[in-house]
Protein chains: 2
Amino acid sequence: MAVLEKVAVQPAAKTVQDTLPLDTILMDDCIDAMRSLPAKSVDMIFADPPYNLQLGGDLLRPDGSQVDAVDDDWDKFDTFAAYDKFTRDWLAEARRILKDNGSIWVIGSYHNIFRVGTAVQDLGFWILNDIIWRKANPMPNFRGTRFTNAHETLIWASMGEKAKYTFNYRSMKTLNDELQMRSDWEFPICGGPERLKKDGTKVHPTQKPEALLYRVMLAASKPGDVILDPFFGTGTTGAVAKRLGRRWIGIERESKYVAAARERIQAALPLDESQLRTMQANTKKPPRVAFGQLVENGYLAPGTVLADARHRWQAVVGADGSLTCEGQAGSIHKLGSLVQERESCNGWTFWHYEVDGAWKPIDTLRQTYLLATQP
Amino acid sequence: MAVLEKVAVQPAAKTVQDTLPLDTILMDDCIDAMRSLPAKSVDMIFADPPYNLQLGGDLLRPDGSQVDAVDDDWDKFDTFAAYDKFTRDWLAEARRILKDNGSIWVIGSYHNIFRVGTAVQDLGFWILNDIIWRKANPMPNFRGTRFTNAHETLIWASMGEKAKYTFNYRSMKTLNDELQMRSDWEFPICGGPERLKKDGTKVHPTQKPEALLYRVMLAASKPGDVILDPFFGTGTTGAVAKRLGRRWIGIERESKYVAAARERIQAALPLDESQLRTMQANTKKPPRVAFGQLVENGYLAPGTVLADARHRWQAVVGADGSLTCEGQAGSIHKLGSLVQERESCNGWTFWHYEVDGAWKPIDTLRQTYLLATQP
DNA sequence: GTCGACATTGAATCTTACG
DNA sequence: ACGTAAGATTCAATGTCGA
């Protein structure tokens, strides 16, 4: 089963589509530009609106260097009310422009996605899925104040509860090694040669990875479909649309982004099946299991006594998966190296637990957990 | 000097907490029951609210089979408005009951979480993270019409932008094998012996796994904290709170759930104090040690030469605990940032001293000093 | 040319105590 | 209240430079 679909035969009749500014960037305000487009004319919209981050002061890494944060004017809104109005205005235009069987994707973070999702529902769209982009390599939380912000959320919605929409179920299942594609997708953040740079610095602060757009378009559009991106930025949507045989329209206000996007899309080459599979290759790496998960899931109770193979040291399991031994405490690895006075230690094989009178490495428990939890 | 002295009223040492119905279930409407609780009295709220309204007025939980059972003739705006009102009503009560340094967790799916998140923000809560529960074994989408719904979303919020909150960073990092805990958590759905059944069928359609609550409480509460669950269901929150040495209050309207929860929590075994030990409790803040104290107490002689790990800079210890390097002088932190031309520097880990031919960070000297001076 | 050590960086609502 | 100083804090991937 191929992932890419064949291009449909072009109809001879002149359609609304012929009046669209296809495969071009409209350099204009997002809402003004959308107003210039005819109703019910595009098949899919992908939108990456400002997140309204509202950052405070500077943020330093532990080594003292400064994080290059999003401080652009386009991300600033005074109040939630102002952001909501902006959101509802552009979403209303999006709804007018979409065909009845079209669908819309919006990406965001916890700063804005709840407000976007509420507006999407209020305007009559019907949410089909929320999709989690799990970042393989997110920026850490340098100050240790919260959980690492390691994902972003996409909302996928049709025009209404009864509306039809495109979902290429077979393509998604094929892409995912014959397993149904789940609502959580893992991709690295955009970096390396893919990341557009000028004079050594990133052109756009929030360039999205092409792999994310590939999957979105493969899932919810057909070859020849018209895809609109009202927050075009450096044109990831356009580049991927071109490579996947879709038509595209971009809207972007800032000329420096428009210039970068034009150059990038010009250079984009159509994609063949093998390249696509490589790019989407499912992460075959075995799921990582932390010792704490065994405690959380009841495989090992807090208070259990562990020992090394030769019973030179004994340690007690804490509620948070820490071990304690003679006043020292730490993770299984940390405590293992502490008591042995070594640089490092594989706690999984070093520490043992007792079962039916025999002592086994806790690594066997990890295998048991994996067997029980993996499909 | 005032003529009349105030009579020193001796408070009865009766705290707000003593007036709370601790470790009990209030069988009542959620909002009515919350109104009976005093203001600023609980440390954490965990809420798993029902997600939608049926025309009859009953609330449905996110049980997939019931999603399409909602009456077709409903008016969406009215329904969303009713749900929003319900959400804002119970969230407002939650806000009144929470202490200023408390936090709230709400779990939901795409059907309701966007509306909940918007209400959370509008009421003045400050979102700290959105957390994704990735289901290891989700229910497949049998009809192949969408992506497999493989996650749920939790929102974690403090009382306001500047409000304090509990986050046991070290415990979370230990739990995750010495890596920062991310915003995506994987757990199996609730099944097996943990899943409450009666006559072979599940008691509650959306019973949450205890492992999920375990991590929530370990991350954002302390032993002895009071945790309120306004949608108690079969009492997962109570069972885990009891196990982890937290106090709990549950609110649940349906008597069959109340009965199941009481029986379940009765059977739950609490961990004793030693088992409850976590990295957080272990690292009770050591008193501050000024670098000068080490010099005063002879741990480091004036004139000693310090260097950074890679010996790019050398500095001499002054009698007052200052450092001097190439004409510049200052505290260990100040000089560290000066020579590196960085905005900040932790001098304790930056500067090293020589002992037996090896160079160690001066932080180890501080540890030695603490060990020697602490009882 | 290759390998290893080191430096750089990414949508981030990122401190606390004391005077 | 506010300003200043002490002190605690990072993961994965890519790029660069020297041996």
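A note on names: the letters A, B, ... follow the listed sequences, proteins ahead of strands, and every chain is numbered from 1.
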Can you figure out which of C:dA11, C:dT13, D:dG7 approaches the side chain of B:H333 most closely?
D:dG7
Nearest listed nucleotide, side chain of A:V70, among C:dT13, D:dT10, C:dA11
C:dA11
Ranking C:dT13, D:dA8, D:dC11 by distance to the side chain of B:N346, first place goes to D:dA8
Any B:S331 side-chain nitrogen or oxygen under 4.0 Å from OP1 or OP2 of D:dA6
yes
Which of the following nucleotides, D:dT9, C:dA12, C:dA11, is nearest to the side chain of A:P62?
D:dT9
Given C:dC14, C:dT13, D:dG7, identify the nucleotide with an atom nearest to the side chain of B:W348.
D:dG7
Choosing from D:dA13, D:dA5, C:dA12, which nucleotide comes nearest the side chain of A:N137?
D:dA13
Reckon A:N141 has a side-chain N or O less than 4.0 Å from the OP1 or OP2 of C:dA12?
no
Taking donor-acceptor contacts at under 3.5 Å, does the side chain of B:R288 reach the base of C:dT16?
no
Could one point to a donor on the side chain of A:K208 or the base of C:dA11 with an acceptor on the other under 3.5 Å away?
yes
Looking at the side chain of A:P140, which of C:dG10, C:dA11, D:dG7 is the nearest nucleotide?
C:dG10
Side-chain N or O of B:K173 closer than 4.0 Å to phosphate OP1/OP2 of D:dT10
yes
Taking the nucleotide of DNA chain D with the closest heavy atom to each, which residue, A:R143 or A:M139, is nearer the 5' end?
A:R143
Please tell me which of B:K334 and A:K197 maps to the more 5' nucleotide of DNA chain D, matching each residue to the nucleotide holding its nearest heavy atom.
B:K334
Side chain of A:I189 (C-beta onward), nearest among C:dT16, C:dA11, D:dA13
C:dA11
Taking the minimum atom-to-atom distance to the side chain of A:F142, which one of C:dT13, D:dG7, D:dC11 wins?
D:dC11
At under 4.0 Å, does any side-chain N or O of A:K202 touch on OP1 or OP2 of C:dG10?
yes
Would you kindly check whether a donor in the side chain of B:R366 faces an acceptor in the base of D:dG7, or vice versa, at under 3.5 angstrom?
no
D:dT10, OP1 or OP2 - any side-chain N/O from B:Y169 closer than 4.0 Å?
yes
